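Structure incoming, see below.
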Amino acid sequence: MKRMFKSSMIVAAAAALSLAGCSQSGGPSQAGETPKDNGGQKTEQQQAKVKLTMGSWRTEDRDAYEKIIKEFNKQNPNIEIAFNPTKNTEYNTVLNTALQTGSGPDIIQLRPYAAGIALADAGYLEPLDGVKGLDQFSKETLSAATGKDGKVYGIPTVFSSTQIFYNKKLFAKFGIQEPKTWDELLKAADTLKQNKIAPFAFGSKEGWILSLTHGALGPQIYGGTDFVKNITSGKTNFKSKEFTDSIAMMQGLAKYFPDNYSGVSMDDMRNMFVTEQAGMMVMGDWEIAVMKKMNPDLDMDVFPVPPQKADGKASVTTWVDGSYAVNAKSAHKAEAMKFIEFMTTKEFGTLVANELMKPSTIPGVEAKDPLVTKISKYANSISTPYMMVVHFAAGNPTTKATLETSMQGMYLNKLTPEQVADEVQKSADSWFKPAAK
Amino acid sequence: MSQGTALERKMKRQPGAWSWKNSFIHLFPIPALAVYALFIVYPIAAAFSYSLYDWKGLQKGDFIGIGNFVKLFTVEPFNGLFWNAFGHNWYYFALEMIVQNGIAFALAYIIFSKVKGAELFKIAYFLPRLLSVIVVGFLWKLMLNPNYGLVNVTLKKLGLDTWTRPWLGDPETALTSIVLANCWFGIGFSVLIFLAGLQSISQEVLEAARIDGVRGFRMIRSMIVPMMMQSVVIITVFTFIHAFEAFELVYAMQGSQGEPYHSTDTLAVFFYRIAFGGSTGDSVAIGLGSALAVVLFFIIATLSALFMFYVRKKEMDH
């Protein structure tokens with residue numbers, strides 16, 4: 001029944017999209033026909049008015065994008081853009097069906113990495129190589145929407161970024177400085193523990209917290225971006241000493257976790273942190289808004305994950321949260337490109353950072369919120385990719401999910417770090433083909 | 001005389017005789033049958049056919065026969081996870097039979113023995129059932145919270161600090177906690193069925209037994225239970241089906257991974273995970289998921305049928 005309903009919904013959605021497509025192409029010519037006696041200039045202007053649609057899975061971004069489009073219209077009054085998001089879980093299906101029938105929105109929000117790239121490889125998207133402002137993004141950032149042919153098909157807009165949040169008040173109370181090395185981080189944790197404050201708000205009840213925390217802290221142990229390059233090219237694997245060490249590091253941190261952490265969920269973690277029962281929390285930027293709502297007086301700040309040696313580089317872990325692309329079948333590619341170009345400007349980056357409260361992919365953006373500005377700065381300078389999301393979120397169960405479950409097993413004393421690494425490699429072997437092999 | 005012939009004619013026509021009126025009646029079940037076919041028969045048949053194909057995401061690929069079934073039972077990690085979840089379903093069933101139905105029978109018997117305010121108790125026991133399973137899961141999650149949940153806080157107040165544990169985070173206690181929450185939720189329904197069974201027993205027979213000197217536990221064992229066997233069978237089959245379909249509460253309390261470390265995984269949760277994957281729709285395996293659904297369907301259908309057959313046979317022997 002569910003399938004029947006689903007497929008009928010898809011047909012309905014496809015029909016709606018194709019109808020929308022018809023009305024777009026019909027729009028301008030009709031406008032040109034009617035007001036014949038209104039004087040030449042006005043007719044010309046109306047003729048030039050083009051309607052574009054914009055697809056996305058983020059229904060919650062509607063207000064922000066309407067504001068952004070209004071700003072865009074100040075310079076481009078003749079391009080009308082309708083932001084038409086689809087429900088998160090239905091978006092892929094609706095979009096794929098529409099694209100297969102030759103319709104779909106003019107501007108498309110792409111899922112980051114594999115799913116979005118698949119659309120580019122299938123020829124549904126317009127390459128964006130000529131777009132001004134593309135060169136300011138790092139290759140790593142653009143890889144979220146780079147096709148097999150090496151061409152870029154999407155403009156990344158925001159990052160998701162993980163770093164360490166800390167309670168400024170508690171740090172000041174116990175005389176702790178922002179840690180600059182791994183040892184200082186452990187020392188800070190020791191000090192907090194001695195003062196009966198949980199060093200890290202952490203729980204292993206929900207698997208995704210485990211891969212997220214490992215994704216943030218692990219790079220300093222396994223060697224960050226270089227290791228990711230080596231593993232994706234087949235030069236090393238998860239059984240290597242570097243990776244196993246990073247899992248063992250996670251096990252070693254257990255003494256800094258709160259009581260009963262195996263039963264602690266995300267809600268409990270957040271609760272602990274905002275009620276000042278914990279000093280630090282390894283977490284993503286998206287929690288800022290939630291935590292501020294829960295305790296507006298919370299004096300928190302962030303620092304990047306410190307390096308093992310004083311001369312090393314601190315890091316934050318990032319992944320692109322979606323990119324915007326142009327539909328190859330769009331009737332108004334030139335106009336859509338104008339909006340895509342706008343998306344590479346600092347003006348757009350600032351709007352995004354202020355309206356969505358997310359770190360912008362555009363370097364040097366200043367947001368109203370100092371935390372967002374700080375995280376944007378880190379994300380654009382010292383980031384390393386979230387390996388499990390960027391490269392290993394495939395397979396069934398996914399390699400990412402395998403890491404989560406087996407680390408859960410490790411914290412329950414059922415697996416050793418070596419066995420965790422083994423499980424992860426086994427999962428990767430079931431589907432992953434290194435690029436260089 | 002004319003009356004006689006009319007009656008004769010009518011009597012001749014009645015059995016098996018064809019008439020418009022009679023055959024028209026057979027058309028009435030068609031709407032119901034159509035609905036049944038569309039919503040019950042078709043999905044089962046569709047799941048069966050899906051399980052025979054290789055799927056690329058949501059797109060049907062090549063016909064691979066029993067390939068998905070072979071994969072389910074021979075390829076790591078699927079085979080290990082299947083037997084792990086299968087065992088949990090049996091545990092679910094056993095614990096529900098003992099705790100939920102045991103207590104439910106006792107409560108039903110007490111109500112049946114004409115306690116004051118019996119109606120009130122009946123409603124009170126049934127109340128949890130009116131809550132949505134998601135709400136029940138949420139409430140129990142709060143109560144079992146390791147650091148501020150009612151259960152651990154109470155234990156600490158009583159000085160039983162060593163008894164506190166992360167109930168839902170410890171693989172030793174997680175599944176039991178969930179099943180017990182489910183018992184709390186389901187007890188009212190069992191009480192109602194048992195009560196109906198008790199009330200259907202003829203009072204005269206019980207009275208006669210009492211006069212013959214049958215009392216207490218012997219009364220229950222040799223008189224009451226055999227006479228309400230129908231209710232016991234219904235409850236057993238319901239509990240069995242429910243235990244093997246167990247999904248909502250596990251999902252509400254532990255998510256789709258059967259956390260921690262697959263210690264609360266059931267076949268239905270395992271099915272959900274392989275068929276629908278993560279929230280972004282990645283790694284869906286419709287074929288493998290359908291294969292598991294077919295296996296689950298056969299387990300429930302076969303075992304329920306065998307049990308009913310066994311009970312019928314016993315009844316006949318009596």
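From a predicted model like this one, the values you see are computed outputs, not experimental measurements. Quick note on labels: first sequence line is chain A, next is B, and so on, each numbered from 1.
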| note | What one should report as the nearest heavy-atom pair of B:Arg273 and B:Gly258 is NH1-N, 3.9 Å
| said: Restricting to ring-ring contact (aromatic ring centres under 6.0 Å, His included), what partner residues turn up for A:Tyr324, sequence neighbours left out? | reply: A:Tyr65
| message | Between A:Thr86 and A:Tyr91 (side chain of the first, backbone of the second, donor and acceptor by atom type, cut-off under 3.5 Å), is there such a pair? | response | no
Donor-acceptor list for residues 244-253 of chain B side chains, cut-off 3.5 Å, not counting sequence neighbours:
none

| request: Under 4.5 Å heavy-atom distance to chain B, tell me which part of A:Gln277 shows up: side chain, backbone, both or neither. | output: neither
| request: Please state whether the rings of A:Trp208 and A:Trp286 are parallel, tilted or perpendicular, taking 30° and 60° as the class boundaries. | output: tilted
| task | Check each atom of A:Met272 against the heavy atoms of chain B and say whether the ones under 4.5 Å are side chain, backbone, both or neither. | result | side chain
| Once the angle between the rings of B:Phe240 and B:Trp90 is folded into 0 to 90°, is it parallel (under 30°), tilted (30 to 60°) or perpendicular (over 60°)? | tilted
| said: Please output the residues of residues 144-165 of chain B in contact with chain A, using a heavy-atom cutoff of under 4.5 Å, in numerical order. | reply: B:Asn145, B:Pro146, B:Asn147, B:Tyr148, B:Asn152, B:Arg165
| field | With B:Leu72, the side-chain contact (heavy atoms from CB on, under 4.5 Å) member among B:Ile66, B:Leu81, B:Val295 | value | B:Val295
| field | Steps toward side-chain hydrogen bond (donor to acceptor under 3.5 Å, both in side chains) verdict (A:Gln425, A:Asp429) | value | CA-CA 6 Å; A:Gln425 184 58 38; A:Asp429 281 341; 2.9 Å; yes
| A:Asn271 portion near chain B, given a 4.5 angstrom heavy-atom threshold | side chain
| task | Go through the atoms of A:Lys414 and report whether side chain, backbone, both or neither lie under 4.5 Å from a heavy atom of chain B. | result | side chain
| request: State whether A:Glu287 and A:Arg270 are salt-bridged, where the test is any N-O pair (Lys NZ or Arg NE/NH1/NH2 against Asp/Glu carboxylate O) under 4.0 Å. | output: yes
| remark: Ranking A:Asp268, A:Thr402, A:Asp267 by heavy-atom pairs under 4.5 Å to chain B gives rank one to A:Asp268
| message | Please determine whether side-chain hydrogen bond (donor to acceptor under 3.5 Å, both in side chains) holds for the pair B:Asn182 and B:Tyr92, giving the CA-CA distance in whole Å, both sets of side-chain angles, and the decisive distance to 0.1 Å. | response | CA-CA 9 Å; B:Asn182 213 345; B:Tyr92 216 103; 2.5 Å; yes
| task | Return the orientation label for the A:Phe202 and A:Tyr261 ring planes: parallel under 30°, perpendicular over 60°, tilted otherwise. | result | tilted
| query | Applying a criterion of heavy atom separation less than 4.5 Å, what residues of residues 260-268 of chain B form contacts with chain A? | reply | B:Pro260, B:Tyr261, B:His262
| request: Please check if the distance between the ring centroids of A:Trp319 and A:Phe159 is under 6.0 Å. | output: no
